[in-house]
Number of protein chains: 4
Amino acid sequence: MGVREAYLMNKAILIGRLTRDPEVRYTQSGVAVCTFTLAVDRRFARRDANDGQPTADFIPIVAWRKLAEICGNNLIKGRRISVEGRIQVRSYEAQDGSKRYVTEIVADEIEFLDSRSSVQHEGGFGAGAGAGAPAPQPQPQSKPADAGSFGPSIPDEEIPF
Amino acid sequence: MGVREAYLMNKAILIGRLTRDPEVRYTQSGVAVCTFTLAVDRRFARRDANDGQPTADFIPIVAWRKLAEICGNNLIKGRRISVEGRIQVRSYEAQDGSKRYVTEIVADEIEFLDSRSSVQHEGGFGAGAGAGAPAPQPQPQSKPADAGSFGPSIPDEEIPF
Amino acid sequence: MGVREAYLMNKAILIGRLTRDPEVRYTQSGVAVCTFTLAVDRRFARRDANDGQPTADFIPIVAWRKLAEICGNNLIKGRRISVEGRIQVRSYEAQDGSKRYVTEIVADEIEFLDSRSSVQHEGGFGAGAGAGAPAPQPQPQSKPADAGSFGPSIPDEEIPF
Amino acid sequence: MGVREAYLMNKAILIGRLTRDPEVRYTQSGVAVCTFTLAVDRRFARRDANDGQPTADFIPIVAWRKLAEICGNNLIKGRRISVEGRIQVRSYEAQDGSKRYVTEIVADEIEFLDSRSSVQHEGGFGAGAGAGAPAPQPQPQSKPADAGSFGPSIPDEEIPF
DNA sequence: TTTT
DNA sequence: TTTT
């Protein structure tokens with residue numbers, strides 16, 4: 001027998017901006033899942049260098065359940081947030097039979113760091129915000145909606161805790 | 001003009017075990033880079049469930065320069081370590097022209113959490129550790145060595161700070 | 001007017017050992033609060049140096065509500081845990097009228113890093129564990145009990161969220 | 001004998017504002033040490049409640065060596081920064097013979113989150129910035145200077161790593 | 001003693 | 001007052 005000493009840690013803390021409006025979908029059993037990508041500028045990147053080097057990391061984020069719905073209803077492209085969560089690496093088989101890996105942050109906590117109005121004021125996002133355009137509808141589908149398309153393809157086993 | 005307020009954060013803190021001995025290579029300009037994969041058990045995974053669900057995340061780690069050499073000379077499959085660093089997402093073009101993404105942790109600090117002897121004692125790896133066997137040489141190439149194979153393919157632009 | 005941009009962060013992540021059994025008390029309104037001290041060894045301290053330099057930091061921890069009760073029922077002197085929380089600085093007036101400061105970590109999450117039996121086996125605590133002794137009762141007061149002594153002195157305003 | 005398994009962690013991550021200009025002093029052997037207090041607003045504090053409850057934690061920060069000098073030369077009351085470091089608890093004997101405890105964060109990394117001009121522009125500090133006033137000299141003593149007063153009282157044993 |  |  002003996003002492004079980006299985007210590008582990010898996011924590012990510014990020015601050016960045018959404019590259020797009022978030023997407024909310026639902027699993028077969030109706031659990032909400034929200035996904036988006038966070039752009040986190042690299043600390044010492046020279047954005048003016050034009051040397052082809054990336055100036056940011058684009059990190060996929062996943063939120064589940066209540067947090068997913070709050071994100072879907074409040075986040076919007078360009079908004080700055082902090083995310084605390086764990087790094088998850090999933091694998092799947094590609095069409096050509098090869099194994100592919102997906103790395104994403106499963107969010108435990110998300111904090112909104114600038115007000116929605118400030119994002120708009122700063123002109124953080126363009127499309128559809130032009131003069132004469134109809135009022136934008138930043139809030140994504142807030143319940144079932146088009147859950148049909150992608151939702152059912154999310155297996156319930158993916159749901160954490 | 002106005003106030004520049006470009007705050008960002010990108011921090012990962014991990015504790016897990018090496019899935020293999022680390023690899024050390026060198027860039028064209030001779031900078032050491034060490035790579036390995038960290039297995040971090042998932043908190044609520046039931047390892048006995050046999051339900052096909054993963055029980056760990058396998059997270060690629062990269063260390064550079066002095067830290068790379070320390071890792072190459074001291075780490076070994078099965079050893080438990082902590083890693084603190086940042087999440088980096090790189091993209092490259094696959095042979096079929098599609099874009100692929102690689103996510104890895106660029107290590108700032110690594111700490112060795114169990115002594116080398118303890119890993120051996122726990123039977124973390126077998127080959128060559130038997131009585132009467134020649135002294136194992138777990139230390140990978142500690143300087144140029146076979147840098148030729150992969151090393152030169154690491155572009156110097158990848159080197160952080 | 002303008003953009004409100006009030007970002008803050010206050011996070012502590014600790015791993016150490018309890019210097020004593022935890023204490024559980026109750027506020028006037030019956031909310032559980034558990035306190036104990038965590039000994040966190042200093043990384044580069046030479047424990048053998050005998051130079052009078054401290055080799056550890058002794059950090060006060062506070063847990064509230066359900067977490068307080070779980071701690072009271074499961075923790076014990078010598079046990080190794082991780083604590084995640086925020087740093088809180090309180091002040092109070094001493095008998096001599098001077099202002100004193102108390103710094104403590106308000107725990108959000110606590111994880112038990114070695115099993116209770118392992119602590120016992122390692123001889124972490126002696127009393128009552130001898131052969132033939134009556135079953136030890138490490139669980140402190142699990143509800144009101146002697147809340148009278150210290151409990152009522154905890155003002156309800158101290159309770160977080 | 002046996003496996004030594006002495007794992008510890010002691011990490012603090014803070015974002016807040018300086019309550020005053022920082023102070024730089026020097027130890028007997030000439031090592032720079034910078035101290036200041038960080039005000040970190042409490043997340044759910046109601047600043048308008050006027051209920052006597054604190055709305056922020058005031059956390060003492062210490063930086064050493066090069067970092068101390070950078071802080072002394074660049075920080076200023078009201079500036080927003082992030083601090084990463086470890087929690088240190090020191091004790092000393094008060095004049096009345098009782099033991100007192102000081103908790104502070106020993107900084108490993110500090111990041112400046114708003115530009116100096118932005119702090120000024122926001123009216124973060126008034127005195128001496130009026131028209132016709134002589135150029136302000138926010139930079140504290142940048143080398144030995146009045147090290148005499150407090151400096152010599154900092155024992156060299158306090159210096160970390 | 002406290003920042004915005 | 002301190003843990004291993």
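The chains referred to below are lettered A, B, ... by the order of the sequence lines, with proteins before strands, and numbering in each begins at 1. Note that these values count all heavy atoms, side chains included, but never hydrogens, waters or copies made by symmetry. Not measured: the values here are computed from a predicted model.
The D:F58 side chain lies nearest to E:dT2 when the options are F:dT2, F:dT3, E:dT2. Each of F:dT3, F:dT2, E:dT3 was ranked by its minimum atom distance to the side chain of C:K77; first place goes to F:dT3. Comparing E:dT4, F:dT2, F:dT4 by their nearest atom to the side chain of C:T19 picks out F:dT2. In this structure, the nucleotide among F:dT4, E:dT3, F:dT2 sitting nearest to the side chain of D:Y101 is F:dT2. Closest approach to the D:A39 side chain among E:dT3, F:dT2, F:dT4 is made by E:dT3 (side chain taken as heavy atoms from C-beta onward).
If you measure from atom CZ of D:R80 to atom C1' of E:dT2, you get 18 Å, rounded to the nearest angstrom. Here the P atom of nucleotide F:dT4 and the CZ atom of C:F112 are 17 Å apart, to the nearest Å. If you take CD1 of D:I59 and C1' of E:dT2, they are 13 Å apart, rounded to a whole angstrom. Atom C1' of nucleotide F:dT3 and atom CG of C:L75 are separated by 13 Å, given to the nearest angstrom. Atom CG of C:D57 is separated from atom C1' of F:dT4 by 15 Å (rounded to the nearest Å). Atom CZ in C:R42 sits about 17 Å away from atom C1' in F:dT4, given to the nearest Å. Between the CD1 atom of D:I61 and the C1' atom of E:dT2 there is a distance of 13 Å, given to the nearest Å. As a whole-Å value, the separation of C:F36 CZ from F:dT2 C1' is 14 Å.
Taking the salt bridge (charged side-chain N to carboxylate O under 4.0 Å, His left out) definition, one finds that C:E104 meets it with C:R90, sequence neighbours left out. Applying the side-chain contact (heavy atoms from CB on, under 4.5 Å) rule to C:S82 yields the partners A:Y7, C:I15, C:E111, C:L113; only residues at least two apart in sequence or on another chain are considered.
In this structure a side-chain-to-backbone donor-acceptor pair under 3.5 Å is missing from D:R80 to D:L18. With C:N10 contributing its side chain and C:R86 its backbone, the two residues share no donor-acceptor pair below 3.5 Å.
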